[in-house]
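Right, one structure below, let's go through it.
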Amino acid sequence: MLTNLRSRVTTLTFDCYGTLIDWRTGLRASFLKLFGPSAEDRLDELCSAYESIEAEVEAETFRSYRDVLIRVSARLAERFGLDLPAENHDLLPRVLPTWTPFDDTCDALRRLKQRYRLGVLSNIDRDLFALTEQHLGIKFDFLVC
């Protein structure tokens, strides 16, 4: 039964950030750039708060993911009493494309690409994903945003 199912599968899809891209490491490094040394001892708290604030922002109305990241940054600064310099208001969407894949991601994707069509399902903006995709070593067959 399982062998029969494997032979019928032609396409694999993935979430990107947290599955292919090391989201947590990228986010933690981004918080240090965003808020400076005052964030260093609060990275775990910031990551936890990020997840809940992101969900709140996304539930309000449709926004580009770039705008979601900008709003989440401002709310994190407010919640934690952190300084967010004006020039950093859009830093999170600017640095997100620098986040790197997990160590085994690129090799695994290359091997899977030999047999399957590969796609990404994500709430990211297409332009941000295009920059991220450069780190992954393959061209995906499709992207659903």
Side-chain angles (χ1 to χ4, degrees), residues 5-6 8-145:
L5 177 62
R6 266 192 234 143
R8 294 186 318 208
V9 173
T10 61
T11 303
L12 301 175
T13 60
F14 305 91
D15 175 47
C16 186
Y17 303 92
T19 303
L20 304 174
I21 297 293
D22 187 351
W23 173 86
R24 191 159 193 82
T25 299
L27 193 59
R28 291 169 69 91
S30 297
F31 288 152
L32 292 173
K33 289 178 184 174
L34 191 63
F35 301 121
S38 60
E40 195 162 355
D41 293 335
R42 305 177 91 176
L43 292 174
D44 289 334
E45 287 178 278
L46 285 164
C47 285
S48 293
Y50 174 90
E51 292 184 55
S52 64
I53 293 171
E54 181 190 47
E56 291 168 11
V57 171
E58 289 175 336
E60 293 168 355
T61 188
F62 174 79
R63 292 186 169 89
S64 69
Y65 196 65
R66 180 180 308 280
D67 190 40
V68 168
L69 292 172
I70 290 169
R71 289 173 185 269
V72 170
S73 298
R75 291 185 192 183
L76 282 169
E78 183 179 325
R79 182 178 292 182
F80 287 89
L82 297 168
D83 182 41
L84 181 59
E87 66 272 10
N88 282 1
H89 87 281
D90 67 341
L91 189 131
L92 205 48
R94 284 188 284 130
V95 299
L96 180 141
T98 68
W99 298 355
T100 57
F102 289 104
D103 291 340
D104 60 349
T105 296
C106 295
D107 182 55
L109 288 173
R110 278 191 293 277
R111 287 185 285 125
L112 290 168
K113 183 77 170 149
Q114 293 172 7
R115 181 169 177 189
Y116 301 101
R117 292 180 67 235
L118 301 180
V120 168
L121 308 173
S122 182
N123 63 341
I124 193 75
D125 300 341
R126 288 182 178 276
D127 63 324
L128 292 175
F129 178 77
L131 297 170
T132 294
E133 187 176 34
Q134 295 173 11
H135 298 289
L136 296 170
I138 65 155
K139 179 75 176 152
F140 284 87
D141 296 294
F142 60 93
L143 170 66
V144 178
C145 294

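- Residues Asp22 and Trp99 have side chains not in contact (no heavy-atom distance under 4.5 Å, counting atoms from C-beta outward).
- Residues Lys113 and Asp141 form a side-chain contact, since some pair of their non-hydrogen atoms from C-beta on lies under 4.5 Å apart.
- Note: Ser52 OG to Arg75 CZ = 10.5 Å, rounded to the nearest 0.5 Å.
- The shortest heavy-atom contact between Phe142 and Val144 is CD1-CG2, 4.0 Å.
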Side chain to side chain contact (heavy atoms under 4.5 Å, CB included) evaluation trace for Leu46 with Leu76: CA-CA 7 Å; Leu46 285 164; Leu76 282 169; 4.1 Å; yes

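- Scanning all heavy atoms of the two residues, the minimum distance from Ser30 to Val95 falls at OG-CG2, 3.2 Å.
- Two residues are said to be in side-chain contact when any heavy atoms from C-beta on lie closer than 4.5 Å; Thr25 and Thr100 fail this criterion.
- Closest approach of Phe35 and Leu84 over heavy atoms only: CE2-CD1, 4.1 Å.
- Atom CZ of Arg63 and atom CD of Glu58 lie 10.0 Å apart (nearest 0.5 Å).
- Ser122 and Tyr65 share no donor-acceptor pair across their side chains, judged by distance under 3.5 Å alone.
- Side chains of Glu45 and Tyr50: no donor on one and acceptor on the other come within 3.5 Å.
- Minimum interatomic distance between Pro101 and Cys106 (heavy atoms only, all atoms of both residues): CG-SG, 3.9 Å.
- Residues Ile70 and Leu92 fail the side-chain proximity criterion, which asks for heavy atoms closer than 4.5 Å.
- For the pair Leu136 and Ile21, the minimum side-chain heavy-atom distance is below 4.5 Å.
- Within a 6.0 Å sphere centred on CD of Glu56, heavy atoms belonging to other residues, nucleotides or ligands number more than 12.
- Under a 4.0 Å N-O distance rule, the pair Lys139/Glu133 qualifies as a salt bridge.
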Derivation and outcome, side chain to side chain contact (heavy atoms under 4.5 Å, CB included), residues Leu43 and Leu32: CA-CA 8 Å; Leu43 292 174; Leu32 292 173; 4.2 Å; yes

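- Contact detail for Thr98 and His135: the closest heavy-atom pair is CA-NE2, 3.9 Å.
- To the nearest 0.5 Å, the span separating CG on Leu109 from CZ on Phe140 amounts to 4.5 Å.
- In this structure, the side chains of Val120 and Thr13 stay at 4.5 Å or more apart for every pair of heavy atoms.
- Phe14 is not listed as a side-chain neighbour of Leu121, based on a closest heavy-atom distance of 4.5 Å or more.
- Under the 3.5 Å distance criterion, the side-chain polar atoms of Arg42 are matched with a main-chain donor or acceptor of Phe80.
- With values rounded to the nearest 0.5 angstrom, Arg66 atom CZ is found 4.5 Å from Asp127 atom CG.
- The shortest heavy-atom contact between Arg126 and Cys145 is CG-SG, 3.6 Å.
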Full working for side chain to side chain contact (heavy atoms under 4.5 Å, CB included) between Leu69 and Leu96: CA-CA 9 Å; Leu69 292 172; Leu96 180 141; 3.9 Å; yes

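- No salt bridge links Glu87 with Lys33; every basic N to acidic carboxylate O contact stays at or beyond 4.0 Å.
- Considering CG of Leu27 and CD of Glu51, their distance stands at 8.5 Å, rounded to 0.5 Å.
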From CA spacing to verdict: side chain to side chain contact (heavy atoms under 4.5 Å, CB included), Thr132, Ile124: CA-CA 10 Å; Thr132 294; Ile124 193 75; 6.0 Å; no

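- The shortest distance between side-chain heavy atoms of Ser73 and His89 does not fall below 4.5 Å.
- Note: Leu34 CG to Arg94 CZ = 9.5 Å, rounded to the nearest 0.5 Å.
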